[in-house]
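Written below as structure tokens is the structure these notes are about.
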Amino acid sequence: MNSIDKQKVDVVLGTFFGDEGKGKVIDYLTSKNGYTVNVRANGGNNAGHTIEVNGKKHVFHLIPSGILNEDTTVIIGNGVVIDPEVLKREIDTLKENGISIDNRLFISDSASIILPYHILKDRAQEVDRANEKIGTTGKGIGPAYADRANRYPLKVSDLVNNYKVFAINAIQVAINDLNYKKCFEENNLNEVEVSNLLCSFSKEYSEFLKPYVIDTRSKLYQEIKKGNTILCEGAQATMLDVDHGTYPYVTSSNATIGGILTGTGLSHKNINDVYGILKAYASRVGEGPFVTEEKGEIGEVIRKLGHEYGATTNRPRRCGWLDLVALKYACQINGINKLAINHLDTIGKLDNFKLCIAYNYLDQKITPQNEQFNIRNYGNYEPIYECFEGDFSLEKAKDWNSLPKSVKEYINCIEDLTETPITLIGTGPKRENIIEIEKPKVKILKPYETSY
Ligand code: IMP
């Protein structure tokens, strides 16, 4: 491995609870840097990436967000769980929109399949959890990953190599699992109906997936050897990571940097830039702790201004303020060296806005710097806020110098407390609504130093 190899792979990750605008940043970076490959590493169609290009809105759930750049090859990596029905719909929509995927879309033979009964089980589990719901997207993600951990033969290669054997195994899994049996009963499905459903599912989607399936690990390795560049796309985000997030209110995959490596087969030695994506406020969809949540009127105002409704489930998102203690944690866990902040235009529509710069916890102060943050205690932290002046427009902003004073103060505060530079600012939903910033060396005010 020489030092040039290290330059080849960049990564995009969410820093909070997802919906930070990763799709838009991936599309922007792909069109700007011309990555040869964009590979998705984890999650399934629980994700919803919205991208607006040339007046058209595209929503992707499984297809990597770089697909709109015709010179980029996109890969669905081995860490992804694939609902083939959803993928088929997405591919059909791309074709209807005149976007070619021939020889541009590849699917890992080691990715896992979401079966119709995974979806039934996901929804039934949520009903059983009663007051302790996770608020899943109901797309079968958890049960599909659980069956992967159970080592059932339900991988893409199993399906495309022999759909009959795949169907037999899928039926066997269903029959042996009491929970699945219960789901079928609840949905008035008998064993014959389940078997017929799984047989036709397996036949249809084996044929459909086959042309796209390859060993993507080997493809990625060859691209690196050829000197080509790769952008890795994480789904969901740090606080939803099954290990490092607000467990059990998390998704079932690793949405952090480790998931990028295990979900693609790339080596850590290839990784160069790790972009952490955040919003100028915060949002969460589903249950679980959210320290900086605004439950009242202001939360509703942010939701409306930011159009915070889920791209996958259309659920209203819970809204609140950006939290620098949690952001610092995300930077540490993931080795983030560049931040991209979206929706700065949105908070400019407020008269003033808040930024969480520390927490109170028992008799302790927890700051981004003092390394006392413990994700297991997250739900018990009380936010300490700094206030910033809003009421600004970014319409004419093109670079650091043309940003309003309060925005500069805000950015300086985020950078100082997380010790990570902000390099991209999102000023609207379209691809062109991104400003790259390079700051002068001399800093301006740090208001939080005087008040805190
Ligand atoms: P699951 O991934 O459907 O099992 O849902 C687990 C939790 O993660 C729920 O709180 C979901 O709302 C949340 N979640 C899953 N995917 C996303 C996403 O792409 N954006 C935001 N939240 C998500």
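Just the heavy atoms: all of them, side chains too, but no hydrogens, waters or symmetry mates, feed the values below. Each ligand, and each atom within it, is numbered from 1 in the order the structure gives. From a predicted model like this one, the values you see are computed outputs, not experimental measurements.
- With a 4.0 Å heavy-atom cut-off, ligand 1 is reached by no atom of D122.
- Using the six-membered ring where Trp is involved, Y410 and F388 have ring planes that are perpendicular, over 60° apart on the 30 and 60° scheme.
- Side chains of V9 and N272 form no contact here, defined as non-hydrogen atoms less than 4.5 Å apart.
- For atom 5 (O) of ligand 1, the closest heavy atom belonging to the protein is T136 CA, 3.3 Å.
- The salt bridge (charged side-chain N to carboxylate O under 4.0 Å, His left out) check on E419 picks up K328, with sequence neighbours excluded.
- N46 O, 3.7 Å is the protein heavy atom nearest to atom 18 (C) of ligand 1.
- At a 4.0 Å heavy-atom cut-off, ligand 1 does not touch Y249 at all.
- Atoms CG and OG, from D241 and S253 in turn, are 7.5 Å apart once rounded to the nearest 0.5 Å.
- Closest protein heavy atom to atom 6 (C) of ligand 1: V250 O, 3.3 Å.
- The atoms of ligand 1 that sit less than 4.0 Å from any heavy atom of T251 are 1 (P), 2 (O), 6 (C).
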Checklist entry - N45 and D83: side-chain hydrogen bond (donor to acceptor under 3.5 Å, both in side chains), yes or no, with the steps? => result CA-CA 7 Å; N45 58 305; D83 181 335; 4.5 Å; no
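- Using cut-offs of 30° and 60° for the angle between ring planes, the Y180 and F184 rings count as parallel.
- Counting heavy atoms under 4.0 Å from ligand 1, residue L240 touches it through the side chain alone.
- Atoms of ligand 1 found under 4.0 Å from any heavy atom of I134, numbered from 1 in the order shown, are 6 (C), 10 (O).
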Which pairs would a plain distance check flag for residues 71-79, meaning a side-chain donor or acceptor within less than 3.5 Å of a matching protein atom at least two apart in sequence or in another chain?
unit_1: T72; atom_1: OG1; unit_2: Y35; atom_2: O; d: 2.9
unit_1: N78; atom_1: OD1; unit_2: T264; atom_2: N; d: 3.4
unit_1: N78; atom_1: ND2; unit_2: T262; atom_2: O; d: 2.7

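- Within ligand 1, counting atoms from 1 as listed, the ones closer than 4.0 Å to a heavy atom of D19 are 20 (N), 21 (C).
- Separation of atoms CD1 (I214) and CZ (F106) is listed at 5.0 Å; rounding is to 0.5 Å.
- Ring geometry for Y378 versus Y381: interplanar angle over 60°, hence perpendicular rather than tilted (30 to 60°).
- Of all protein heavy atoms, the one closest to atom 3 (O) of ligand 1 is T137 OG1, 2.6 Å.
- With ring centers used as reference points, F353 lies 6.0 Å or more from Y281.
- Numbered from 1 in the order shown, with element, the atoms of ligand 1 that lie under 4.0 Å from a heavy atom of F17 read 21 (C), 22 (N).
- Every atom of ligand 1 with a heavy atom of G135 under 4.0 Å away is listed here by number and element: 9 (C), 10 (O), 11 (C), 12 (O).
- Numbered from 1 in the order shown, with element, the atoms of ligand 1 that lie under 4.0 Å from a heavy atom of V285 read 10 (O), 11 (C), 12 (O), 21 (C), 22 (N).
- Only side-chain heavy atoms of R315 come within less than 4.0 Å of ligand 1; its backbone N, CA, C and O stay farther off.
- Distances shorter than 4.0 angstrom do not occur between any heavy atom of K139 and any atom of ligand 1.
- Here the protein heavy atom with the shortest distance to atom 17 (C) of ligand 1 is Q236 CG, 3.6 Å.
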